[in-house]
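Please read the structure below before turning to the comments.
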Amino acid sequence: MEEAASEVNPATEAPFSRRYRKLLERRKKLPVWAHRSKFIDALSKHQVVVVAAPPGSGKSTQIPQIVIEAGYASEGKQIACTQPRQLVATVLSRRVAQEMDVKLGEEVGYSVLFENCSGPKTILKYLTDGVLLRESMSDQNLERYSVIILDEVHLRTLATDILLAYLKNLLEKKARFDLKLVVMSNQVEAKKYKDYFKGARIVQPLPSLHPIEIVYLKEPVKDLVEAALDKVAQSLVSESAGDIIIFVTGMEEIVRCCSRLGKLIVELGDKIGCVNVIPLHSGMCLDMQKKAFKAAPAPTRKGGLVGRKVLVSTEIAESSLSIDGIVYTIDCGYIKQKVYNADLHVESMLTLRISKASAQRRSGCARRSAPGKCFRLYSQEIFNKFQPQDSPEILRANLAGTILQIKKLGFDDLFHLDLLDPPPPPEAVIRAVETLKCLGALDDVGRLTHSGDLMTEFPLDPQMSKMIIESPKFCCSDQILSIAAMLSVPNCFLAPMEGLEAAGESKSSFNHINSDHLSLLNVYHAYKQNNGDSTWCEKNFINQAVLKSADNVKEQLVLIMHKINLTMSSSDFSSSNSCDNIRKGLLAGYFMQVAQLDHSGDYLTVKGHHVVDLHPTSCLASRPEFVIYNDFVLASRNYIRIITEVPGHWLVEIAPHIYRLATF
DNA sequence: CATTTTGCA
């Protein structure tokens, strides 16, 4: 339906404060606003508008503002603006709240609400695509929103792909005449989204970019961290002022890079001004991450050398994070990704080449405030061989959790959704359905069971959700929730270069005789007993930020338990059979991830018959006949990681549909 | 003996 344009309040009638109106006046002078009226016009005539934006055009803050200004926040409905990353969402929230004269409301999970200053009405909400997808499970028509803005759609997270298909279906079956959808992607991919949503209109804002100079290496280098440091030194000493961002692949490189940087800065002495080195990765709490947005240090004395900020970051800073002041980007050209192989039923971490699009986003970080410079630690020839776009996550992910969500959303399977690209290979889907059937989430004909329905309430892997909903049967809900929380945050053990030995000792003090899961629980309990004390964490080489978030996760999981009326039945951890019960609880979810000791002394996974080894970090003292494992890591050898010993007869007891007496 | 990206509540 083409709704009447009269429903849209003209901007002038909107009850915005004087400060906000002034801001609008100023914004209208920026290039992107030259297309303001065109955008509003498109929005009033079309249900779907695709914004084909060059990076750095400021669309993530400006488009929502234009939408609000055009009066689409009326009638008690909200406007959702999704971002692929939580960090981006919260930072943008703050920024927009500051720019518009708007109160920052409560922070709910990962989303932030705004209140229009003239009244209590909620008008804009930044959230991640995953959260919006979860919301649609309980609010099938997404009735609470009048406009949904999907940002950075071209990054193609699993949630984005499913959301796109879901929203497309919602519009096509005409469930929401009044819903407006704004899809924001990069310029290259925009047409694809226009064609996907029939009748969509493309709007193209102008970039507000400074030029960027790109420098390639002529020869390949041995050590990327050293090569990066070389470029940092060069930028610090001989290039003009401006902050630096270094993209590396992982935590280990970040730690190494930061410590080398520290030394480098000392060596350079008074040739340079004050330098702040800021690591940026997911194992840091939000507050620490937000430090990245603080301005570089001021010169130590008047007329002294200008201070600089050096960010050492993973992927997390790559998309739409416009950190002001960055002038230099150093890009290693690699990314770490989890890739799932459905045939082998194995997930592995791979260090892969980035795409051209990704390389462009990385270099784009450096051109927000001034002309920038990007050092690429690879040659032009190598760049030419990069894939043009990022690989969609849906093609390389374990789909079990997604299929479960899709069932909950009321679709028979993935193939009934009109996906943007050809669907993932049938093997991947079959594997996922098989897994869900084993877990009892789907019945023989593939319908969602009661148990499966409960599982969809948890934002976790199906095995983990299963483990949780089964936990009351083994009187260990509290402990299982703690373990689930510990498993869903990054590794909490610190291993600094200096003090590696002490760190190892401290780690083994938490060891449980036959279970890494229980060792993790020991860490959690010790952390709680010490009230999260930071000196305790430091002394024990525990990453406080990680434990903090584990604690937070656990709290959320407890809330979900209450919400779905599952009783938190747990016995005291010190009771004699408590450890056995917890291990049974683990098995109730992870019975498909079992490995058995072979005659030859190797472990074989029960599913898939892969030869594996216990990961060297495991605390298991012996080599028991049966172990359950949390994950399967493909590295120099096949390792299973986070392991718990289980007696063979438990398998038959707890998963009789998989293990029969005859087998053992 | 080998250490892992990001996303959810």
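Keep in mind that the numbers below use all heavy atoms, side chains included, and drop hydrogens, waters and symmetry copies.
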Donor-acceptor check, side chain of A:Asp598 to backbone of A:Tyr603, threshold 3.5 angstrom: yes or no? no
Checking B:dG7, B:dA9, B:dT5 against the side chain of A:Lys336 (C-beta onward), the nearest is B:dT5
Closest nucleotide among B:dA9, B:dT3, B:dG7 to the A:Ile560 side chain: B:dA9
Are A:Tyr378 and A:Phe386, when compared by the centres of their aromatic rings, separated by less than 6.0 Å? yes
Check whether any side-chain nitrogen or oxygen of A:Ser488 sits under 4.0 Å from OP1 or OP2 of B:dC8, and answer yes or no. no
Describe the nucleic acid contact of A:Leu460 in one word from base, sugar-phosphate, nothing, applying a heavy-atom distance below 4.0 Å. base
Taking only side-chain nitrogens and oxygens of A:Ser282, does any of them come within less than 4.0 Å of OP1 or OP2 of B:dT6? yes
Which part of the nucleic acid, if any, lies within reach of A:Met251 when heavy atoms closer than 4.0 Å are counted: base, sugar-phosphate only, or nothing? sugar-phosphate
What is the separation between atom CG on A:Asp613 and atom C1' on B:dC1, rounded to the nearest whole Å? 9 Å
Can you tell me if A:Glu226 has over 12 outside heavy atoms packed within less than 6.0 Å of its CD? yes
When the ring centroid of A:His610 is compared with that of A:Phe632, is the distance short of 6.0 Å? yes
Under 4.0 Å between a side-chain N/O of A:Thr617 and OP1 or OP2 of B:dC1, yes or no? no
So, is A:Tyr639 close to the B:dC1 phosphate, meaning a side-chain N or O under 4.0 Å from OP1 or OP2? no
